[in-house]
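Being a predicted model, the structure only gives us computed values, none of them experimental. Below, all heavy atoms of this structure are taken into account, side chains as well, without hydrogens, waters or symmetry copies. We count residues from 1, following the sequence as given.
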Amino acid sequence: MQGRAYAYLVLTTLLWGGNAVAGKLAVGHVSPMFLNLARWVLALLAVTAVSLPQLKADWPKLRSHWLRLLLLGAIGFTAFNGFLYSAVRYTSVVNAVIEQGGVPVIIFALNFLLFRIRVHVMQVIGFSISFAGVAITAGHGNLQNLLSLSLNFGDVLMLAGVFCYGLYTVALRFKPAIHWKSLMAATALGAVISAVPLVVWEAASGQLLLPDGRGLALIAFTGLLPALVSQILYIRGVEIIGANRAGLFVNLVPVFGTILSVLIVPEELHFFHVMALALVLGGIAIAETSRAKTSR
């Protein structure tokens, strides 16, 4: 089961890296909030089509916990992706994916503050090293930018998205005991409902851009793979090995996202990106190794 969880989480982070690249490719072809809404409508239709018997079986629990499930979708799906798709309009994909390495730090901090879940001292060191990589990226290689709060607007948006996804991961502990199909359908519905006001705002502000051919292709990709398949795999991974350990795998998003962005967008890779990646991956290695030793 542990090996299966690792496979789930690695594939999840590969798709998430592709999601950030898709957001960059969408610029000029579909507006970010419309992309977010359309992808979740597609994901909702797809999961509902294969889940009707299960939804009927889980209906009593769905009805009892409807608000909790809708909020999970609003925070983890709509808020995170809304920030991501908006962020890559102002910053690079490489920056956006490396900054997602801050998700495990948020998970660790929230779990400790809210539930007093303790971690080994080496895990704290690992988290800190990973966070240093995120900070270097957010400051574009110059930590003085962080001290003076001189950050790219896109990086600020991405860090807000990072907080939202860390909060979503921790909140998964409160999900009701229902089948993953029902969970995905309910949270996708929450994502759709919460995305509608954002599209209305986008239209009112004159920023709405309906999709062209490329936009439609990106909606199909993000709706079926990063939105649906990856979230199912992530939920299963968290169920098997827990939020703290599963959250560490988010640090693989910078690796896959950087490779894909350089190959597909393409974007320039700077030395500070390489240094940040080394810190992020070093942090996950230290934290996971120390956890394994502690378990033994």
J.: Side-chain atoms of residues 44-57: list all donor-acceptor pairs with protein atoms under 3.5 Å, sequence neighbours left out, distances to 0.1 Å.
T.:
from, atom 1, to, atom 2, distance (Å)
T48, OG1, L44, O, 2.7
S51, OG, V47, O, 2.4
Q54, NE2, D58, OD2, 3.1

J.: Of all residues at least two apart in sequence or in a different chain, which pass the side chain to side chain contact (heavy atoms under 4.5 Å, CB included) check with A171?
T.: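 L72.
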J.: Report the residues that fulfil ring-ring contact (aromatic ring centres under 6.0 Å, His included) with F83, sequence neighbours left out, ordered by chain and then residue number.
T.: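 ring-ring contact (aromatic ring centres under 6.0 Å, His included) list for F83, sorted by chain: empty.
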J.: Distance check, rounded to the nearest 0.5 Å: L233 atom CG versus T12 atom OG1?
T.: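 Atom-to-atom, L233:CG and T12:OG1 are 4.5 Å apart.
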J.: Please list, one pair per line, the donor and acceptor atoms closer than 3.5 Å that link side chains of residues 22-42 to other protein atoms, with sequence neighbours excluded.
T.:
from, atom 1, to, atom 2, distance (Å)
K24, NZ, V88, O, 2.9
K24, NZ, T91, O, 3.2
H29, ND1, D212, OD1, 3.4
H29, ND1, D212, OD2, 2.7
H29, NE2, R214, NH1, 3.3
S31, OG, E202, OE1, 2.8
S31, OG, L209, N, 3.0
S31, OG, L209, O, 3.3
N36, OD1, W40, NE1, 3.4
N36, ND2, T78, O, 3.1
R39, NE, Y85, OH, 3.0
R39, NH1, N81, OD1, 3.2
R39, NH2, N19, OD1, 3.4
R39, NH2, T222, O, 3.2

J.: Taking all non-hydrogen atoms of both residues, which atom of P226 and which atom of L15 are closest, and how far apart?
T.: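 Closest heavy-atom pair between P226 and L15: CG-O, 3.6 Å.
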J.: Mind jotting down which residue pairs meet the ring-ring contact (aromatic ring centres under 6.0 Å, His included) criterion with at least one end in residues 167-207? Sequence neighbours excluded, please.
T.: F77-Y168, F115-F174, Y165-Y168
J.: If every non-hydrogen atom of A79 is compared with every non-hydrogen atom of C164, which pair is closest and at what distance?
T.: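 In terms of heavy atoms, the two residues are closest at CB-SG, 3.8 Å.
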J.: Could you tell me which residues satisfy side chain to side chain contact (heavy atoms under 4.5 Å, CB included) with Y90, sequence neighbours excluded, listed by chain and number?
T.: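 Residues passing side chain to side chain contact (heavy atoms under 4.5 Å, CB included) with Y90: N152, F153, L157.
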J.: Calculate, to the nearest 0.5 Å, the distance between atoms CG and OG1 belonging to L183 and T187 respectively.
T.: 5.0 Å
J.: Which value, rounded to the nearest 0.5 Å, describes the distance between D155 atom CG and E99 atom CD?
T.: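 Going from CG on D155 over to CD on E99, the span is 4.0 Å.
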J.: Do you know which two heavy atoms are closest between I129 and L279, and how far apart they sit?
T.: CG2-O, 3.1 Å
J.: Which heavy-atom pair separates V97 from A20 by the least distance, and what is that distance?
T.: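 Closest approach of V97 to A20, heavy atoms only: CG1-CB, 3.5 Å.
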J.: Would you mind listing every side chain to side chain donor-acceptor pair (under 3.5 Å) that reaches into residues 60-69, with sequence neighbours excluded?
T.: none
J.: Would you give the length of the straight line joining atom CG of L84 to atom CH2 of W16, rounded to the nearest 0.5 angstrom?
T.: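 Result: 11.5 Å between the selected atoms.
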J.: Tell me, please, which residues at least two apart from F256 pass side chain to side chain contact (heavy atoms under 4.5 Å, CB included).
T.: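 Here the qualifying residues are V10, T13, L14, L252.
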J.: Identify the two heavy atoms, one from G190 and one from S194, that lie closest to each other, and give their separation to 0.1 Å.
T.: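 Answer, listing the atom of G190 first, then S194: O-OG, 2.8 Å.
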J.: Can you name the salt bridge (Lys or Arg N to Asp or Glu O under 4.0 Å) partners of K175, sequence neighbours left out?
T.: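 Applying salt bridge (Lys or Arg N to Asp or Glu O under 4.0 Å) to K175 gives E239.
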J.: Does I178 belong to the same Ile/Leu/Val/Met/Phe/Trp/Tyr cluster as I232, with side-chain heavy atoms less than 4.5 Å apart forming each link?
T.: yes
J.: Kindly compute the distance separating CD1 (I240) from OH (Y6), expressed to the nearest 0.5 Å.
T.: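 Reported value, rounded in 0.5 Å steps: 11.0 Å.
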J.: How long is the straight-line distance from CG of L167 back to CG of L172, given to the nearest 0.5 Å?
T.: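 One gets 10.0 Å once the value is rounded to the nearest 0.5 Å.
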J.: Shared ILVMFWY cluster between L224 and I235, side chains joined below 4.5 angstrom?
T.: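 No, L224 and I235 fall in different hydrophobic clusters.
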J.: Looking only at heavy atoms, what is the nearest atom pair of A203 and L208, with distance?
T.: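 Nearest pair, atom of A203 first, then L208: CA-CB, 3.7 Å.
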